[in-house]
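Comments concern the structure below.
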Amino acid sequence: MFALIDCSSFYASCERLFRPELQNKPVIILSNNDGCAIARSQEAKDLGIKMGDVFYKIEKLIKENNVHVFSSNYTLYADMSARVMNNIARFTPDVEVYSIDECFIQLTGFDDLEEYGYLIRNTVIRNTGIPVSIGLAPSKTLAKIANKLAKKSSGVFLLDTPEKITAALEAFPLNDVWGIGSQYYKKLHSHGLEFAGQLRQMPMEWVRTNMTIQGVRMWDELWGRPRIAFGVYRERKKGICCSKSFGKLTGDLNEITEATANYASRVAEKLRQDKSCATLLSVRLITNQFRPDLPQYFKGITVQLRHPANNTSDIVKAAIKALNLVYHPGYKFIKVEVLVTGIIPQSEVQLDLFNNWDGVRQDKISKLMDKLNMHYGRGTLRLATEGYKKAWNMRQNFLSPDYTTDWDDILTVK
DNA sequence: TCTGGGGTCCTAGGACCC
DNA sequence: TCTGGGGTCCTAGGACCC
């Protein structure tokens with residue numbers, strides 16, 4: 001049996017934890033650059049605020065209803081997420097962290113799974129203050145469905161017998177099924193399908209033709225046959241990217257170079273975290289598609305690294321080289337993306353005797369940077385090209401303190 | 001009337017997830 | 001003024017090989 005444990009309105013719950021006066025009040029969290037709503041408390045959902053609603057378009061509604069607004073504070077959310085996951089790991093060693101606010105666990109050999117579900121739920125709530133709901137079922141897709149049903153009932157939902165599963169699927173809307181997005185929903189709906197139970201009744205060949213092999217896997221899972229692997233150990237990532245919109249439009253190559261260096265440096269950090277090296281690096285420059293009055297530009301280029309690397313210096317140099325190949329004056333850019341691919345394990349990188357490569361030295365420098373930045377905060381030690389003014393940096397006008405990760409931000413109790 | 005067969009690798013694009 | 005970021009997997013099609 002699988003369980004899916006999911007934090008309710010996770011970002012909003014994190015913010016409310018340190019602002020208890022916001023319990024039962026509408027709260028929303030904005031995307032980077034304070035662009036649109038990406039998380040809402042139940043009260044905010046009830047006001048009709050939807051995922052992705054553009055901030056300035058709902059400002060009136062926000063004022064009228066006294067909605068509390070926060071910029072995304074990923075430092076806080078990541079730390080709270082780790083606390084939740086650690087608590088869950090006390091119940092079973094097999095935890096697959098699926099996203100910042102969700103994990104799958106595998107449970108076997110329990111007489112009363114429902115009771116165990118409540119025990120996990122209550123423990124997490126007591127120890128972290130973050131409410132969670134738990135869905136239990138024989139496949140991951142069904143566990144996701146059980147989890148949605150748990151949210152509508154008492155926080156834990158068990159789908160264990162064929163009868164219970166059939167009854168649940170009959171009334172479960174297709175567009176809420178894990179793996180069915182807007183495009184597949186449109187297609188299925190045009191064939192008269194509306195509920196998960198109806199899709200499950202379709203012949204496998206029909207599913208394969210209309211939804212490829214992935215659809216067949218999902219279809220099997222709906223029948224309670226697990227087809228999606230349970231992975232406690234995270235696979236090596238196939239690509240690592242850092243891409244963020246600027247706080248303003250800019251055509252200034254110096255500013256864009258600074259941003260590119262920052263993003264590339266972050267990519268190098270992530271590579272080192274994964275103990276991976278990259279062989280290819282792409283940079284893409286993008287204008288603002290929401291400004292059709294301005295000339296549009298959208299171009300990316302991929303360069304080969306002269307040696308598989310994860311040190312900051314090599315990655316940043318390659319990124320700046322690629323940037324200079326894609327940059328074109330006369331445009332106002334909104335975003336630059338830095339992406340590395342061709343990832344290989346760090347341990348498999350071979351030294352190249354003929355390339356006069358100073359990677360060993362650079363690797364040592366990067367290691368030291370990681371150590372210092374871990375201790376004193378990200379960006380304490382960085383390359384000069386990364387700059388210090390950061391005129392392009394994103395807007396975060398409603399940022400909460402880093403209550404749990406920064407001594408300066410710790411709450412004072414009077 | 002009519003152009004081999006069977007592979008590999010890469011990229012772009014489309015679908016999905018949170 | 002103002003519209004997120006970071007991933008996954010699958011398929012089709014082109015280039016290339018023998």
Side-chain angles (χ1 to χ4, degrees), chain A residues 4 6-11 28-39 50-59 62 69 71-74 77-78 81 96-104 140-141 144 147-148 174-188 208-218 227-229 231 234-250 263 266-267 270 273-274 279-280 282 284 286-294 298-302 304 332 334-343 394-398:
Chain A
L4 177 73
D6 166 294
C7 304
S8 320
S9 307
F10 181 55
Y11 297 171
I28 63 168
I29 286 82
L30 301 177
S31 63
N32 281 352
N33 279 308
D34 296 338
C36 55
I38 55 163
K50 284 191 272 308
M51 187 77 176
D53 272 355
V54 182
F55 177 51
Y56 74 93
K57 287 187 183 164
I58 52 172
E59 253 184 311
I62 285 169
V69 178
S71 302
S72 300
N73 182 346
Y74 286 104
Y77 311 151
S81 172
E96 178 191 346
V97 177
Y98 178 66
S99 75
I100 195 164
D101 70 334
E102 270 177 61
C103 67
F104 287 101
K140 285 167 108 179
T141 305
K144 286 282 258 186
N147 182 275
K148 296 225 175 183
L174 263 181
N175 50 332
D176 284 344
V177 174
W178 192 40
I180 296 180
S182 61
Q183 295 307 303
Y184 279 145
Y185 178 69
K186 219 189 279 173
K187 191 177 210 172
L188 296 172
R208 180 190 296 278
T209 311
N210 286 281
M211 306 179 70
T212 81
I213 187 74
Q214 304 226 78
V216 176
R217 276 180 205 149
M218 185 201 64
R227 291 289 305 276
I228 300 172
R234 203 161 46 97
E235 301 271 310
R236 194 173 294 281
K237 283 184 195 138
K238 293 171 181 168
I240 289 177
C241 98
C242 181
S243 117
K244 278 185 284 216
S245 300
F246 306 136
K248 55 165 195 176
L249 291 176
T250 178
Y263 298 179
R266 179 80 188 106
V267 164
K270 291 192 201 176
Q273 254 170 35
D274 262 28
T279 56
L280 297 167
S282 321
R284 193 149 60 157
I286 299 152
T287 51
N288 187 354
Q289 50 162 332
F290 294 104
R291 290 290 300 275
D293 52 313
L294 295 175
F298 186 93
K299 190 177 167 192
I301 196 159
T302 303
Q304 178 126 30
K332 295 282 189 197
I334 186 65
K335 185 196 260 192
V336 65
E337 288 180 12
V338 178
L339 165 76
V340 289
T341 48
I343 307 255
M394 63 187 175
R395 289 184 302 278
Q396 291 182 299
N397 292 332
F398 313 99

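Throughout, a chain's letter reflects where its sequence line sits, starting with A, and its residues are numbered from 1.
Residue A:Gln289 is out of contact with every strand shown, counting any heavy-atom pair closer than 4.0 Å. Across all strands, A:Leu30 comes closer than 4.0 Å to no nucleic acid atom at all (heavy-atom distances). Using a 4.0 Å heavy-atom distance criterion, A:Asp53 is classed as making no nucleic acid contact. Residue A:Arg291 is in sugar-phosphate contact alone, with no base atom involved, counting any heavy-atom pair closer than 4.0 Å across all strands shown. Residue-level contact check: A:Gly239 touches the backbone only, with heavy atoms under 4.0 Å from sugar-phosphate atoms and none from bases. Looking at heavy-atom distances under 4.0 Å, A:Phe55 makes no contact with the nucleic acid at all. If you check every strand for non-hydrogen atoms under 4.0 Å, A:Lys238 touches sugar and phosphate atoms only. A:Lys144 comes within 4.0 angstrom of sugar-phosphate atoms only, judged by non-hydrogen atoms across all strands, and of no base.
Relative to the ring axis of A:Phe104, A:Lys140 places its NZ or CZ within 45° and under 6.0 Å from the centre.
When all heavy atoms are compared, the tightest approach of A:Val338 to A:Val267 is O-CG2, 3.8 Å. Scanning all heavy atoms of the two residues, the minimum distance from A:Tyr77 to A:Ser72 falls at OH-CA, 4.0 Å. Nearest heavy-atom pair, A:Ser245 versus A:Lys335, reported as atom, atom and distance to 0.1 Å: OG-CE, 3.7 Å.
Across the interface with DNA chain C, nearest-nucleotide mapping of A:Asn33 and A:Leu249 shows A:Leu249 to be the residue nearer the 5′ end. The 5' end of DNA chain C is approached more closely, in terms of each residue's nearest nucleotide, by A:Tyr56 than by the other of A:Tyr56 and A:Thr212.
To the nearest whole angstrom, the two P atoms, one in C:dC18 and one in B:dT3, are 25 Å apart.
Chain A approaches DNA chain B over the interval B:dA15 to B:dC18, counting the first and last nucleotide 5' to 3' with an atom under 4.0 Å from its heavy atoms.
Taken residue by residue, residues 177-186 of chain A places heavy atoms nearer than 4.0 Å to DNA chain B at A:Val177, A:Trp178, A:Gly179, A:Ile180, A:Gly181, A:Ser182, A:Gln183, A:Tyr184.
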Exercise for the section: Kindly express the pairing pattern of DNA chain B in dot-bracket notation, using | wherever a base pairs with another strand and counting only Watson-Crick or G-U pairs under 3.5 Å. Expected result: ....||||||||||||||
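No side-chain donor-acceptor contact under 3.5 Å links A:Asn32 to the backbone of A:Met394.
Within a 6.0 Å radius of NZ in A:Lys332, no more than 12 heavy atoms belonging to other residues, nucleotides or ligands are found.
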